[in-house]
K.L.:
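First the structure, then my questions, so here it is.
Just so you know, these numbers use all the heavy atoms, side chains as well, and skip hydrogens, waters and symmetry mates. This chain uses plain numbering: 1 for the first residue, then up along the sequence. The model shown is predicted, which means the values in this text are computed figures rather than measured ones.
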Amino acid sequence: MISDEALLKCVGLDSYVFLRFLRFGVLLSLSTTLAAFLLIPTYATGDNDDDGTDGFNAITIANVEANASRLWASLLVVFIETFTVCFLLWREWEHLSVHREKWMAGS
């Protein structure tokens, strides 16, 4: 595996930032996929018997009754995903700001 410094020298700062952006997107996709693995079973085993919960709606929040304790799972996932996005953005910002300063200084 190539180091960040070697990659930065080979492709330049713009391409390096783009590759880091792609990596960020992959990490975010993995995070949301894990959230879906938690929420889909929670929604699919809901107790809502309305006519509108057939087909695709059987695995969405529409299948959960109002004021059910299962709704807390959605809130928990929202908090976790928000924290994950903020953490990943902060980590990328810290990483790229150091490399940008080095690049602008010419070293």
K.L.:
Which atom pair, heavy atoms only, marks the closest approach of Tyr43 to Val64?
P.N.:
CD2-CG2, 3.6 Å
K.L.:
Given the rule that I, L, V, M, F, W and Y join up when any side-chain heavy atoms are under 4.5 Å apart, are Leu30 and Trp90 in one cluster?
P.N.:
no
K.L.:
Nearest 0.5 angstrom please: Leu88 CG to Ser31 OG, how far?
P.N.:
7.0 Å
K.L.:
Nearest 0.5 Å please: distance from the NE2 atom of His95 over to the CZ atom of Arg100.
P.N.:
13.5 Å
K.L.:
Is Arg70 reaching over with its side chain to a backbone N or O of Glu65, donor-acceptor style, under 3.5 angstrom?
P.N.:
no
K.L.:
Search all heavy atoms of Ala73 against all heavy atoms of Thr42 and return the closest pair with its distance.
P.N.:
CB-CG2, 4.0 Å
K.L.:
Could you tell me which non-hydrogen atom of Ala36 sits nearest to which non-hydrogen atom of Pro41, and how far apart they are?
P.N.:
O-CD, 4.1 Å
K.L.:
Determine, using the 4.5 Å side-chain heavy-atom cutoff (strictly less than), whether Leu13 and Val11 are members of one ILVMFWY cluster.
P.N.:
yes
K.L.:
For the SG atom of Cys86 and the CZ atom of Arg91, what is their distance to the nearest 0.5 Å?
P.N.:
13.5 Å
K.L.:
I'd like to know if Ile80 and Leu38 are part of one continuous hydrophobic network [Ile/Leu/Val/Met/Phe/Trp/Tyr, side-chain heavy atoms within less than 4.5 Å].
P.N.:
no
K.L.:
I need the minimum non-hydrogen distance between Ala44 and Asn63, along with the two atoms involved.
P.N.:
O-ND2, 3.4 Å
K.L.:
I would like to know whether Leu8 and Asp4 meet side-chain contact (heavy atoms from CB on, under 4.5 Å); could you show each step before the answer?
P.N.:
CA-CA 6 Å; Leu8 187 59; Asp4 287 341; over 6 Å; no
K.L.:
Write down the atom of Ala35, the atom of Val77, and the distance for their closest heavy-atom approach.
P.N.:
CB-CG1, 3.6 Å
K.L.:
Take Thr32 and Glu81, measure what side-chain hydrogen bond (donor to acceptor under 3.5 Å, both in side chains) needs, and give me the verdict at the end.
P.N.:
CA-CA 7 Å; Thr32 55; Glu81 286 299 312; 5.4 Å; no
K.L.:
Mind telling me whether His99 and Tyr16 have parallel, tilted or perpendicular rings, with 30° and 60° as the class edges?
P.N.:
perpendicular
K.L.:
Hey, could you give me the CG/CD1 distance between Leu7 and Ile2, rounded to the nearest 0.5 Å?
P.N.:
5.0 Å
K.L.:
Between the side chain of Ser15 and the main-chain N/O of Gly12, is any donor-acceptor distance below 3.5 Å?
P.N.:
no
K.L.:
For the CG atom of Leu19 and the CZ atom of Phe24, what is their distance to the nearest 0.5 Å?
P.N.:
15.0 Å
K.L.:
Take Ile61 and Leu71 through the side-chain contact (heavy atoms from CB on, under 4.5 Å) test and state the conclusion after the steps.
P.N.:
CA-CA 8 Å; Ile61 200 167; Leu71 293 174; 3.9 Å; yes
K.L.:
Please tell me whether Leu22 and Trp93 are part of a single hydrophobic cluster in this structure, the criterion being side-chain heavy atoms less than 4.5 Å apart.
P.N.:
no
K.L.:
Report whether Leu76 and Leu39 are members of the same hydrophobic cluster (ILVMFWY, side-chain heavy atoms less than 4.5 Å apart, transitive linking).
P.N.:
no
